[in-house]
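Position 1 is the first residue of the sequence, and the numbers go up from there. Model, not experiment: these values are computed from the prediction.
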Amino acid sequence: MADPTAPRRPTPQQEQEAFARRASRKAERHRAASARPANVLLWMRAIGIVGWSIVVPTLIGLFVGRWLDEAAPSGSISWTLTLLLLGLVVGIAVAGGWVRREGLGR
């Protein structure tokens, strides 16, 4: 006897209909995106956001690293360089996520 609480497996027909709906929505989004005119202001905005999302974490890492080097100097590690690079990596990750989410990296 089958367990009535077990989730039902969709039939092949239902799976095909769900796939067709997803494909239709994706095609509609693609058509809408390609129908939008290329706007210079859109690209300037994108460049500005990407630039700031890289610069701000990098500068935060630089200033915190400088402060750590002055507050607790250690001869073996440069906090300034370490946190500068960490801020740069974080900024690039944030910018890459934004570009991917906006669909600008096609």
Side-chain angles (χ1 to χ4, degrees):
M1 183 177 274
D3 182 12
T5 61
R8 287 186 173 175
R9 182 183 164 110
T11 64
Q13 171 103 19
Q14 290 170 331
E15 288 178 348
Q16 287 177 349
E17 290 170 357
F19 177 78
R21 282 192 304 271
R22 286 192 309 269
S24 175
R25 282 194 306 264
K26 188 172 184 177
E28 182 58 37
R29 281 196 308 266
H30 183 68
R31 274 193 297 275
S34 63
R36 280 185 277 173
N39 189 349
V40 173
L41 292 178
L42 172 71
W43 285 104
M44 288 176 64
R45 173 182 160 258
I47 290 169
I49 289 173
V50 168
W52 279 109
S53 63
I54 293 173
V55 167
V56 169
T58 303
L59 289 178
I60 289 172
L62 175 71
F63 289 122
V64 171
R66 268 306 282 264
W67 177 78
L68 279 175
D69 277 341
E70 291 174 3
S74 66
S76 62
I77 189 167
S78 169
W79 287 110
T80 303
L81 182 59
T82 303
L83 292 181
L84 174 81
L85 292 175
L86 180 65
L88 183 63
V89 168
V90 168
I92 290 171
V94 168
W98 184 84
V99 167
R100 201 173 311 108
R101 190 173 50 250
E102 292 294 319
L104 298 174
R106 294 182 233 165

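Of the inter-residue distances, the one linking Ile77 atom CD1 with Thr82 atom OG1 reads 4.0 Å to the nearest 0.5 angstrom. For the atom pair CG of Leu84 and CH2 of Trp79, the computed distance is 14.0 Å after rounding to the nearest 0.5 Å.
Linking Ile, Leu, Val, Met, Phe, Trp and Tyr residues whenever their side-chain heavy atoms come within less than 4.5 Å leaves Trp52 and Trp43 in two separate clusters. When hydrophobic clusters are built by joining Ile, Leu, Val, Met, Phe, Trp and Tyr residues whose side-chain heavy atoms come closer than 4.5 Å, directly or via intermediates, Val56 is not grouped with Val50. No single ILVMFWY cluster, assembled from side-chain heavy atoms under 4.5 Å apart, contains both Ile54 and Leu86. Clustering ILVMFWY residues whenever any of their side-chain heavy atoms sit less than 4.5 angstrom apart, transitively, puts Ile60 in the very cluster that holds Leu83.
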What donor-acceptor contacts under 3.5 angstrom involve side-chain atoms of residues 21-28, with partners at least two apart or in another chain?
residue	atom	partner	partner atom	Å
Glu28	OE1	Arg31	NH2	2.9

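Between Thr80 and Leu62, the closest side-chain pair of non-hydrogen atoms falls below 4.5 Å. Counting heavy atoms from C-beta outward, Ile92 and Val89 have side chains that stay 4.5 Å or more apart. Between Glu15 and Arg9 there is a side-chain heavy-atom pair separated by less than 4.5 Å.
Residues Pro57 and Val90 come closest through the heavy atom pair CB-CG1, 4.3 Å.
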